[in-house]
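Please read the structure below before turning to the comments.
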Amino acid sequence: MAITVCPVTAGFAAEIGDIDLSRPLAAEDVAAVKQAFWTYAVLIFPEQQLSEAQHVEFAKYFGPLETTIAALNQEKKLRLRTDLVDISNLNSRSEIWGAESRSRMFQLGNRLWHTDSSFKYLPARASLLYAVTIPPVGGHTEFADLRAAYDALPGELKDKLKGRIAEHALGYSRARTGFTNFTEAERNNLPPVPQVMVRTIPENGRKSLYSHIGRIIGMPDDEACALVDQLVAHATQRQFVYTHRWRAHDLVMWDDRCTMHRGADFDDLRWTREMHRATVSDVANTCEQEGRHPA
C-alpha cells in the first residue's frame, strides 16, 4: 500500500499515514516521503513506536547525521547516543531538572524563533523530532514557512537581501535570553559562521529566507538588527505558521533550509517533556551552495 499524504495546508505541513518507521522502507516509500518533504517542508508521522536506533536509521535516508554539541563537554553524562539531541527537561538521572539548571537556561533559546544548526559552518538539512513523553498542557511547536514568507516580500526588500551574507552564532541567539555561560569547549568549537540570507532549495527551485542571524556582513549593526527583526516579524505572521500540538509517539521532521520553529512554554518544573532529535547535515555551507564568498 502506498503512503497517505494529508496536507495541513495546500503547501505547508502534511501528515503521513500508512507507514511504519520502525521497519526498513521500500525504495518507493522513501521516494514518496522525500517528495512530500520537498513539497510541504514539515511532515508529521503519528503513532510511531521507535527505539533510538530505529529513529536514527530513518533519519539516515536523508543524509549523514550530526553529533550533538553536548558531546563537546566530555565531562557531561549524556542520556542518549551522540547522534541524537536530548530536547528534554530531564537531567542525567532522568529526573526533572532544577530551576537553576544550566541545561534549563541553555534550552530557553529553543523558545525563540530559530533554525537548527545554522550556527555551524555545515548547517542542518533536516531535523526529526520524536515525542517520547509530552506534558498534558503546553509545549507545542510552531513552524514558519520561509519559502512563502520570501515570496510575499516586497520587491525592494528582496533586492536589499540579494547576495547578502550574515553571521550566525549560537552565542547570538542565546544572548537574547541572557545566557552567556558557555564552556571553553563550546566557545572554541562554535565560532561565528557565514550563511547567505536567501537560499535556493535545489529539489524544488524555491527561494527561502535563512534567518537566525547575529550580524549582517557589510551593514551597520543597528541597521542589521532592525532588518533581522523586521524579517522575523514578517515570516512569523499567522498565514505562514503551522502549530503542532504534540501527541506521544509523533515523529515530526522539518526542512531546516526553509523553516524556522520555536517551542511553546509549559510547566517544565512539573511536567516531563522528553523529545529526541536526529539532525541531518546539509551538503555544504550555504555560501558555497549559492556560489558566494564572504568578504
Side-chain angles (χ1 to χ4, degrees), residues 7-13 37-42 109 111-126 142-176 192-243 254-262 282-295:
V8 176
T9 71
F12 189 51
F37 191 50
W38 313 141
T39 301
Y40 297 104
V42 177
R111 300 188 186 183
L112 303 176
W113 287 105
H114 66 282
T115 300
D116 292 335
S117 295
S118 71
F119 57 84
K120 296 181 178 180
Y121 186 80
L122 182 61
R125 185 187 203 190
E142 295 178 293
F143 297 93
D145 184 352
L146 301 184
R147 307 162 305 176
Y150 176 82
D151 290 344
L153 286 175
E156 61 269 22
L157 191 47
K158 289 181 180 177
D159 291 340
K160 187 173 185 177
L161 297 176
K162 188 175 182 180
R164 286 284 185 182
I165 296 174
E167 275 190 357
H168 292 230
L170 188 61
Y172 294 150
S173 60
R174 291 303 186 266
R176 288 176 174 253
V193 298
Q195 307 286 5
V196 295
M197 294 187 68
V198 177
R199 61 184 305 185
T200 303
I201 309 304
E203 292 83 5
N204 55 36
R206 295 188 68 181
K207 290 188 179 298
S208 171
L209 294 172
Y210 195 58
S211 196
H212 195 201
I213 293 166
R215 59 183 294 267
I216 299 173
I217 295 172
M219 184 178 290
D221 286 347
D222 56 348
E223 182 181 350
C225 184
L227 177 56
V228 170
D229 288 346
Q230 178 186 0
L231 291 173
V232 172
H234 167 76
T236 56
Q237 296 177 86
R238 179 48 52 190
Q239 64 266 35
F240 305 130
V241 172
Y242 162 69
T243 300
W254 59 91
D255 192 332
D256 284 301
R257 303 170 302 174
C258 59
T259 62
M260 287 193 299
H261 63 280
R262 67 177 179 181
D282 206 347
V283 296
N285 176 268
T286 60
C287 297
E288 296 172 0
Q289 292 187 56
E290 297 290 336
R292 302 289 302 171
H293 302 282

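Not measured: the values here are computed from a predicted model.
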query: Do any N or O atoms from the side chain of Thr115 and from the backbone of Thr259 form a donor-acceptor pair under 3.5 angstrom?
result: yes

query: Nearest heavy-atom pair of Pro192 and Glu167: which atoms, and what distance?
result: CB-OE1, 3.7 Å

- request: Could you check if a side-chain atom of Met219 sits within less than 4.5 angstrom of a side-chain atom of Lys160, using non-hydrogen atoms only?
  value: yes

query: Can you list the steps and then say if Tyr121 with Glu288 is a side chain to side chain donor-acceptor pair (under 3.5 Å)?
result: CA-CA 10 Å; Tyr121 186 80; Glu288 296 172 0; 2.7 Å; yes

message: Give me the atom names and distance for the closest heavy-atom approach of Leu227 to Leu161.
response: CD2-CD2, 4.1 Å

- prompt: If every non-hydrogen atom of Ala10 is compared with every non-hydrogen atom of Tyr40, which pair is closest and at what distance?
  reply: O-CE2, 3.6 Å

- request: List the atom of Ser118, the atom of Tyr210, and the distance in Å for their closest heavy-atom pair.
  value: CB-OH, 3.5 Å

- prompt: Do Asp151 and Lys207 sit within salt-bridge range, that is, some charged N less than 4.0 Å from a carboxylate O?
  reply: no

message: Just so I know, are the side chains of Glu290 and Arg199 near enough to count as touching, which here means a heavy-atom distance under 4.5 Å?
response: yes

task: Please tell me if the side chains of Leu122 and Val193 come closer than 4.5 Å, counting only heavy atoms from C-beta onward.
output: no

message: A side-chain contact here means heavy atoms from C-beta on lying under 4.5 Å apart; do Lys158 and Val198 qualify?
response: no

statement: Ile216 and Val228 have their tightest heavy-atom pair at CD1-CG2, 4.2 Å

- prompt: Does the side chain of Thr9 come within less than 4.5 Å of Asp145's, by heavy atoms?
  reply: no

query: Can you tell me how far the CH2 atom of Trp38 sits from the SG atom of Cys258, to the nearest 0.5 Å?
result: 9.5 Å

message: Nearest 0.5 Å, please: how far is CZ in Phe37 from CG in Asn204?
response: 11.0 Å

query: Can you tell if the side chain of Arg147 reaches within under 4.5 Å of the side chain of Tyr150, non-hydrogen atoms only?
result: no

task: Establish, from distance only, whether the side-chain atoms of Asp282 and Gln289 form a donor-acceptor pair under 3.5 Å.
output: yes

message: If I take atom CG from residue Leu112 and atom CE from residue Met260, how far apart are they, to the nearest 0.5 angstrom?
response: 10.5 Å

task: Give the C-alpha distance, both sets of side-chain angles, the deciding distance and a yes or no for side chain to side chain donor-acceptor pair (under 3.5 Å) between Thr286 and Gln195.
output: CA-CA 5 Å; Thr286 60; Gln195 307 286 5; 2.5 Å; yes

field: Separation between CD of Gln239 and OG1 of Thr236, rounded to the nearest 0.5 Å
entry: 9.5 Å

- request: State the CZ-OH distance between Phe143 and Tyr242, to the nearest 0.5 angstrom.
  value: 7.5 Å

- prompt: How close do Ala144 and Ala235 get, heavy atom to heavy atom, and via which atoms?
  reply: CB-O, 3.6 Å

Pair Glu223 + Arg215, salt bridge at N-O below 4.0 Å: no

message: Check this for me: does any side-chain nitrogen of one of Asp229 and Arg176 sit under 4.0 Å from a carboxylate oxygen of the other?
response: yes

message: If you define the side chain from C-beta out and look only at heavy atoms, does anything of Leu146 sit under 4.5 Å from Phe240?
response: no

- prompt: Are Glu203 and Arg257 close enough for a salt bridge, meaning some N to O gap below 4.0 Å?
  reply: yes

message: Strictly distance-based, threshold 3.5 Å: is any side-chain N or O of Asn285 a donor or acceptor partner for the main-chain N or O of Pro194?
response: yes

- request: Give a yes or no on this: more than 12 heavy atoms of other residues, nucleotides or ligands lie within 6.0 Å of atom CZ of Arg111.
  value: yes

message: Treating Arg292 as the side-chain partner and Gly163 as the backbone partner, does any N or O pair qualify as donor plus acceptor under 3.5 Å?
response: yes

query: Do Tyr172 and Phe119 have side chains that get closer than 4.5 Å, going by heavy atoms?
result: no

message: Let's go through His261 and Trp113 carefully: what are the C-alpha distance in whole Å and the side-chain angles of both, what is the deciding distance for ring-ring contact (aromatic ring centres under 6.0 Å, His included) to 0.1 Å, and is it a yes or a no?
response: CA-CA 5 Å; His261 63 280; Trp113 287 105; 8.2 Å; no

